[in-house]
Amino acid sequence: MTQDQIAEQLLELAAKAGAEVAEVFRARSQARPLFFEANRLKQIERIESEGIVLRLWRDGRPGLAVAHGAVPPQKLVERAIALSALNDPETITIADDTSRNHYPAIGNSMEVEQLMAWGKETIGCIRDIHPDIICSGEWDCEVESTRLINSRGLDCSHTDTTLSAYLETEWVRDSDFLYISDGQTQRGSLEPQLLSQRILQRLEWARENASPLVGRVPILFTAKAADMLWGTVSAALNGKQVLEGSSPWSDRLGTQVVSTSLTLSQKPALGPFSCPFDDEGIPTRPIVFIQDGILKLFYTDLTTGRTLGSGTTGNGFRADLNSYPIPGLFNLLIEPGRDSMQDLIKQLDHGLIIDQMLGSGAGITGEFSVNVDLGYRIENGQVVGRVKNTMVSGNVYTALKQVVSVGGDGNWNGSIYTPSLIVEGLSVTARS
């Protein structure tokens, strides 16, 4: 019996066991990562995983059971029914949709030989200029398939193929150790020249060490480092945080919450990831959350949207197969500006570039204090060297009201597309 047949049988068995409604979520992934270590190909792996989730309500009580591999359908139903008896009754939240949407597969699978060639080319580009650099990394082609059906007639499925590359470089100069990493996630093809050039630029900036700045300093966050800022913003836009009163923007709809130079939106069909429906079977759609600094909308799942009275935005996602859907973002885009990285640098008489950080980030409060793992000093519009033993602290919400400039160099960090940006006056401390 195929997994699709098992999914349909689970609905039948759940109904016979007394469930009012039920849904089955099936996820399958295949990956073929190649690992390079110390400049050479180390190993090639093939990773496959598959899981199936049964969620049901009996007597209004929810139950969820998960299986990985071969599990008799009847056993899975019995487990979900038993767990439902331990829960309190709740309003049933399941998509009332009888549509059958089998979306076309997106992305092209790539042979191992091509991934290997890209890895060797990227490492070769760096070592041609810096033969003493040690490179390690991973190149991967991952195929993810999802199908969701429920007892009310919903049936939707989708297959997505993504290519990714991640490279780490180590440069030891006497007692000075420099670690630089960067990555790339795309469809169709990867760009070894682009990835290697980003790392080579940072190696060039780090040729000299510079004395650190202290006090209130303009900070240029690269696209990679800016990811910390958007984690806090994502939490503040979460409808669940609004219901709990945790978001500082709970009562700020229609008002300015960040700089007018910032527009944040969700575009599910754009970039290396695609998501035509969420984990509750609701079609995803383009949404503008912040327009020119003005807060327009929070994102929600079925439960949160019903409680808020706004309805779902199609953002109900599972953190993992063992979890119930909760509000989550997918393909968050920060609208880029026009300036290149060099243009941003030239705008600063003095400042600090942050490219890599050590620390847990800000969280919903927005307060952060992070060690600069990789940073560079700017003087008179020029990078003069790498800074060490430096810490930056501030508040994300305050910083995003003080954006000086937004770069045009957008890049994907996971499912967040962000450009570089300059913010005013964060606190910088340093140790001699």
**OP:** Check the pair Gln186 / Trp412 against side chain to side chain donor-acceptor pair (under 3.5 Å), numbers first and verdict last.
**Re:** CA-CA 8 Å; Gln186 297 186 169; Trp412 287 96; over 6 Å; no
**OP:** Apply side chain to side chain donor-acceptor pair (under 3.5 Å) to the pair Trp230 and Thr418, showing each step before the final yes or no.
**Re:** CA-CA 9 Å; Trp230 311 126; Thr418 173; 2.8 Å; yes
Subject >> salt bridge (Lys or Arg N to Asp or Glu O under 4.0 Å) evaluation trace for Arg32 with Asp140 >> reply: CA-CA 6 Å; Arg32 292 175 295 182; Asp140 195 6; over 6 Å; no
**OP:** Would you please test Met357 and Met228 for side-chain contact (heavy atoms from CB on, under 4.5 Å) and show each step?
**Re:** CA-CA 9 Å; Met357 295 172 287; Met228 180 199 73; 3.8 Å; yes
Original post:
Where do Gln256 and Asp292 land on the side chain to side chain donor-acceptor pair (under 3.5 Å) test, with the steps shown first?
Top reply: CA-CA 8 Å; Gln256 183 179 344; Asp292 300 326; over 6 Å; no
**OP:** Could you walk me through whether Phe221 and Val423 pass the side-chain contact (heavy atoms from CB on, under 4.5 Å) test, one step at a time?
**Re:** CA-CA 8 Å; Phe221 288 95; Val423 301; 3.6 Å; yes
**OP:** With salt bridge (Lys or Arg N to Asp or Glu O under 4.0 Å) as the test, would you mind laying out the steps for Asp132 and Arg173 before giving the verdict?
**Re:** CA-CA 10 Å; Asp132 51 342; Arg173 299 172 294 179; over 6 Å; no
Subject >> Pair Asn87-Ser84, side chain to side chain donor-acceptor pair (under 3.5 Å): steps then yes or no >> reply: CA-CA 5 Å; Asn87 294 320; Ser84 72; over 6 Å; no
**OP:** Take Leu295 and Phe289 through the test side-chain contact (heavy atoms from CB on, under 4.5 Å) and record every step on the way to the result.
**Re:** CA-CA 6 Å; Leu295 178 60; Phe289 296 109; 5.6 Å; no
**OP:** Just do the salt bridge (Lys or Arg N to Asp or Glu O under 4.0 Å) check on Glu138 and Lys42 with the steps written out, would you?
**Re:** CA-CA 10 Å; Glu138 177 182 349; Lys42 180 183 180 182; over 6 Å; no
**OP:** Go through the steps to decide whether Val372 and Met391 satisfy the test side-chain contact (heavy atoms from CB on, under 4.5 Å), and finish with yes or no.
**Re:** CA-CA 6 Å; Val372 179; Met391 176 176 285; over 6 Å; no
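The backbone N or O of Pro272 sits less than 3.5 Å from a side-chain atom of Thr162, completing a donor-acceptor pair. Of the possible donor and acceptor atoms, one in the side chain of Glu20 sits under 3.5 Å from a partner among the backbone N and O of Arg58. The closest donor-acceptor contact from the side chain of Thr390 to the backbone of Lys388 lies under 3.5 Å. Not a single donor-acceptor pair under 3.5 Å links the side chain of Asn238 to the backbone N or O of Ala235. Between the side chain of Gln356 and the backbone N or O of Ser181 there is at least one donor-acceptor pair closer than 3.5 Å. Under a 3.5 Å cut-off, the side chain of Arg79 and the backbone N or O of Leu83 do not form any donor-acceptor pair. Checked by atom type and distance alone, the side chain of Ser247 pairs as donor or acceptor with a backbone atom of Ala236 at under 3.5 Å. No donor-acceptor pair under 3.5 Å is formed between the side chain of Asp279 and the backbone N or O of Phe317. Of the possible donor and acceptor atoms, none in the side chain of Glu111 sits under 3.5 Å from a partner among the backbone N and O of Gln114. Thr300 contributes a side-chain N or O that, together with a main-chain N or O of Gly311, makes up a donor-acceptor pair within less than 3.5 Å.
Taking all atoms of both residues into account, the shortest heavy-atom contact from Leu344 to Gly407 is CD1-CA, 3.8 Å. When all heavy atoms of Thr284 and Pro268 are compared, the pair lying nearest together is OG1-CB, 3.4 Å. Scanning both residues, Cys135 and Ile126, for their nearest heavy atoms gives SG-CG2, 4.3 Å. Closest of all the heavy-atom pairs between Glu335 and Val406 is O-CG1, 3.8 Å. Closest approach of Thr161 to Cys141, counting heavy atoms only: CG2-SG, 3.9 Å. The heavy-atom pair separating Ala362 from Val396 by the smallest distance is CB-CG2, 3.6 Å.
Considering only heavy atoms from C-beta on, Leu167 comes within 4.5 Å of Thr122 through its side chain. Looking at heavy atoms from C-beta onward, Val383 lies in side-chain contact with Ile345 at the 4.5 angstrom threshold. The side-chain heavy atoms of Ser151 and Glu23, taken from C-beta on, include no pair separated by under 4.5 Å. Contact check for Thr312 versus Tyr299: no side-chain heavy atoms found under the 4.5 Å cut-off. A 4.5 Å side-chain heavy-atom check between Glu50 and His68 finds every atom pair outside the cut-off. Counting heavy atoms from C-beta outward, Val403 and Leu262 have side chains that approach closer than 4.5 Å.
When only modelled atom types and interatomic distance are considered, Thr159 and Ser145 share a side-chain donor-acceptor pair under 3.5 Å. For the 3.5 Å distance criterion, the side chains of Ser274 and Arg187 qualify, holding a donor opposite an acceptor. Side chains of Asp301 and Thr303: a donor-acceptor N/O pair is absent below 3.5 angstrom, by distance only. Judged by distance alone, the side chains of Ser29 and Ser49 do bring a donor and an acceptor atom under 3.5 Å apart. The closest side-chain donor-acceptor pair between Trp139 and Ser164, if any, does not fall under 3.5 angstrom.
Here the straight-line distance linking atom CG of Asp355 with atom CD1 of Ile180 works out to 7.5 Å at 0.5 Å rounding. Taken to the nearest 0.5 Å, the OH atom of Tyr324 stands 7.5 Å off from the CZ atom of Arg55. With values rounded to the nearest 0.5 angstrom, Thr93 atom OG1 is found 6.0 Å from Leu302 atom CG. Atom-to-atom distance recorded for Ser265:OG and Leu333:CG is 5.0 Å, nearest 0.5 angstrom. Taking OG1 of Thr169 as the start and CD1 of Ile134 as the end, the distance is 10.0 Å to the nearest 0.5 Å. Distance check, rounded to the nearest 0.5 Å: CG of Asn331 to CD1 of Ile287 gives 12.0 Å.
Ion pairing of Arg202 with Glu204 is absent here, as no side-chain N (NZ or NE/NH1/NH2) approaches a carboxylate O to less than 4.0 Å. Lys346 has no carboxylate O lying under 4.0 Å from a charged side-chain N of Asp339, or vice versa, which leaves the two without a salt bridge. A salt bridge links Asp176 to Arg386: at least one charged side-chain nitrogen sits closer than 4.0 Å to a carboxylate oxygen.
Because its NZ or CZ atom is both nearer than 6.0 Å to the ring centre of Phe25 and within 45° of the ring axis, Arg318 counts as a cation-pi partner of that residue.
Annotation: ring-ring contact (aromatic ring centres under 6.0 Å, His included) contacts involving residues 84-138, sequence neighbours excluded, comprise Tyr103-Phe277, His130-Trp171.
Within a 6.0 Å radius of NZ in Lys240, no more than 12 heavy atoms belonging to other residues, nucleotides or ligands are found. For Gln43, the CD atom sits in a packed shell: over 12 heavy atoms of surrounding residues, nucleotides or ligands are nearer than 6.0 Å.
For Trp249 and Tyr397, the ring centers sit closer than 6.0 Å to each other.
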